[in-house]
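Contents: one structure, followed by commentary.
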2 protein chains.
Amino acid sequence: MARSDQRNGGQLPVTPPTLADVAERAGVSRQTVSNAVNNPDLLRPDTLERVRQTIAELGYSPNRAARNLRTRTSSLIGLRFAPAQEGTANAAMDRFVHSLVEASEEVGYHVLLFPGDDEDPVVGYDNLLRSTAVDAFVVTDTYLGNPQAAWLSQQRAPFVAFGRPWDDDEARHPWVDVDGAAGIRLATQHLIDRGHTRIAWIGWRKDSPIGEDRRSGWTQTMHDNGLSTTGLASRVEDVVHSGAEAAAVLLDSARPTAFVCASDTLAMGVLHTLWIRQLAPGTDVAVVGFDDSQVAQVFPVGLTSVRQPLEDVAVEIVKALRALLSHQPVTERGVLLEPTLAIRESS
Amino acid sequence: MARSDQRNGGQLPVTPPTLADVAERAGVSRQTVSNAVNNPDLLRPDTLERVRQTIAELGYSPNRAARNLRTRTSSLIGLRFAPAQEGTANAAMDRFVHSLVEASEEVGYHVLLFPGDDEDPVVGYDNLLRSTAVDAFVVTDTYLGNPQAAWLSQQRAPFVAFGRPWDDDEARHPWVDVDGAAGIRLATQHLIDRGHTRIAWIGWRKDSPIGEDRRSGWTQTMHDNGLSTTGLASRVEDVVHSGAEAAAVLLDSARPTAFVCASDTLAMGVLHTLWIRQLAPGTDVAVVGFDDSQVAQVFPVGLTSVRQPLEDVAVEIVKALRALLSHQPVTERGVLLEPTLAIRESS
DNA sequence: GTGAAAGCGCTAACAG
DNA sequence: CTGTTAGCGCTTTCAC
């Protein structure tokens, strides 16, 4: 019985048709069918047409495993999927992952998710790498001291980072990042344009290079506009409670009319303090957050927030990935994208 | 040159070691190495030990593609990853995906993400299925009229649904769901226990079976406690604005002292109305949402919310998947899990 | 218990 | 432009 006889109604065949089935049915060799799929230019138009017809009739699709084995590729991109931290507003990961899935699909890749082992952050990468389960990785958590990028580099594993190699001058891997300082400059200038002069900053602790970078956007814009920053800054942990406290302290001491925050989480804290003090956000005191999280969007008084162009980030990452995997000469090590400002009622 | 000679320092070999490399080095046949990996019981303890040692030395890991080709499996679970809708509070997907990744890993599976085509919701599934890229699917959007479940059933494709087959009595596929009505019963009873008697319901339009199910939890608990529901219910779209409007109307007409909402998004609308009217959430009027989203957690006045046990859902789904893929006799078609109530200041 | 042979479905290399 | 040959690395028979 020919393989193609195993089809049954509208259902999928018991065992899907193979290249050989298509070849036999179309009266060509297997290689010709392969070419019709992968190098259509090599076929005469009429042959191509006939083969394509047969492929459609049989519902043929190349077996991934066989192709992967032969080509030593998987068309899979590995991404460690860490959960959004409970109690914080940052759900940027979700948006980014979706963008990455979309962008990958465009060029024939799929995204493979794997969990992170807290004790050994490298074990997940190692397993996938050694079993050649993925072609490359996208590394998202390039925080200070993260060993993954360095480890992957040392293994000569292809990967692109979302995030600059802040602490590592030796890093030679491609990366894509969002210019946080530029985002905060946008936010600060926006507030200045609205007439504010006493604009406070609530950011993270000093050991966060991302936080310091964002902070510099505030400092710079203030100074560029001839405004003082003295006594207007606070560095706290990234939780609502800390943001609220910092806002209370600043309101009592420096009496700012506006707050720029390193995150939406902190901005929520500010809004809480305003609420307690019967101050109207946007009217009495302006507030700007960072990440344009769902919280910013859904909050009754819409929170103005810096929005990362995650869709573009994903596109750039996939672009870099392709260059990496096709061994093209690397033109640029890093790409820095500009965020935008989602303006709402809070400013 | 032997393959195993291609190792170079701590780095990954240029081309990873194969079964043959391990076999040669350990002085056994390839099959024995394969057994050491897949059927260790078949080996004599000393042989097993020697082979394992060699595997460790070489850093050998079976090539996925070859194994997949041979066993006709992929150890991959396909999941269509739809983006969280902007402007709504629901980021449950994020938490669920993470739970699924974790639960899958436990049993040797990985999660493959693919995008959804709005025009043809089936095309993504079809491609992966026909190319045997995944072993099974997890279907999350089992809304009314969703063709995917029926289509996959017809294709005899293995899949488990997160969500009941509300509209389809013919459905015979395994599913896991959360008992939304029970969650709302919990919420309503909680409010009654707090002394409320005029408890309003803000839910979705009637064509949502999920919404009607949740609503029934409210109706039932009210009636069980001898309380009237007349004039206390509203059915609107799932956006903040609608929730705010509905709350305003209800406050004017029925004067409820508490609101139970079908979603955190609607609850945010209620909170907005309370804020405008200078009513204190939790003190003047109680509010309960659904999904325990980040918004509920981060909101200055913590929003009490029904929390779905997504970690358990993932575990149950993986359990069902394994049964499905090992062709075990199916014991139960569906699993219904109980949500919990995350109690915060708003109630 | 261990080893030899075969082949999963595909594509790279070459011959015609 | 098309066909033939070989083999990717693994696991499933089946001998020994």
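In what follows, chains carry the letters A, B, and so on, assigned in the order in which the sequence lines appear, proteins first and then strands, with residues in each chain numbered from 1.
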Original post:
For dG3(C), does OP1 or OP2 lie under 4.0 Å from any side-chain N or O of T32(B)?
Top reply: yes
**OP:** Check whether any side-chain nitrogen or oxygen of R72(B) sits under 4.0 Å from OP1 or OP2 of dT12(D), and answer yes or no.
**Re:** no
**OP:** Using a strict 4.0 Å threshold on nitrogen-to-oxygen distance, state whether R25(B) and D21(B) make a salt bridge.
**Re:** no
Original post:
Phosphate oxygens OP1/OP2 of dT4(D): is one of them under 4.0 Å from a side-chain N or O of S29(A)?
Top reply: no
Original post:
Within the structure, does a side-chain N or O atom of R70(B) lie under 4.0 Å from either OP1 or OP2 of dG9(D)?
Top reply: no
Original post:
Out of dG9(C), dG9(D), dC10(C), which nucleotide sits closest to the side chain of A66(B)?
Top reply: dG9(D)
Original post:
Below 4.0 angstrom, N of the basic side chain to O of the carboxylate: do E316(A) and K319(A) qualify?
Top reply: yes
**OP:** Please tell me which of V33(A) and L43(B) maps to the more 5' nucleotide of DNA chain C, matching each residue to the nucleotide holding its nearest heavy atom.
**Re:** L43(B)
Original post:
Looking at the side chain of R30(A), which of dA6(D), dG9(C), dC10(D) is the nearest nucleotide?
Top reply: dA6(D)
Subject >> R30(B) with E24(B): basic N within carboxylate O range, under 4.0 Å >> reply: no
Original post:
Which nucleotide sits closest to the side chain of Y60(A): dT11(C), dG9(C), dC10(C)?
Top reply: dC10(C)
Original post:
Looking at the side chain of N38(A), which of dT2(D), dG9(D), dT11(C) is the nearest nucleotide?
Top reply: dT11(C)
**OP:** Using a cut-off of strictly less than 4.0 Å, decide whether T18(B) has a side-chain nitrogen or oxygen near OP1 or OP2 of dG9(D).
**Re:** no
Original post:
OG/S153(A) to NE2/H173(A) distance, rounded to the nearest 0.5 angstrom?
Top reply: 6.0 Å
Subject >> Among dG3(C), dG9(C), dC10(D), the nucleotide that comes nearest once only the side chain of V28(B) is considered >> reply: dG3(C)
Original post:
Using a cut-off of less than 4.0 Å, is there contact between a side-chain N or O of R44(B) and OP1 or OP2 of dG1(C)?
Top reply: no
Original post:
Can you tell me if the side-chain N/O atoms of T47(B) get under 4.0 Å from OP1 or OP2 in dT2(C)?
Top reply: yes
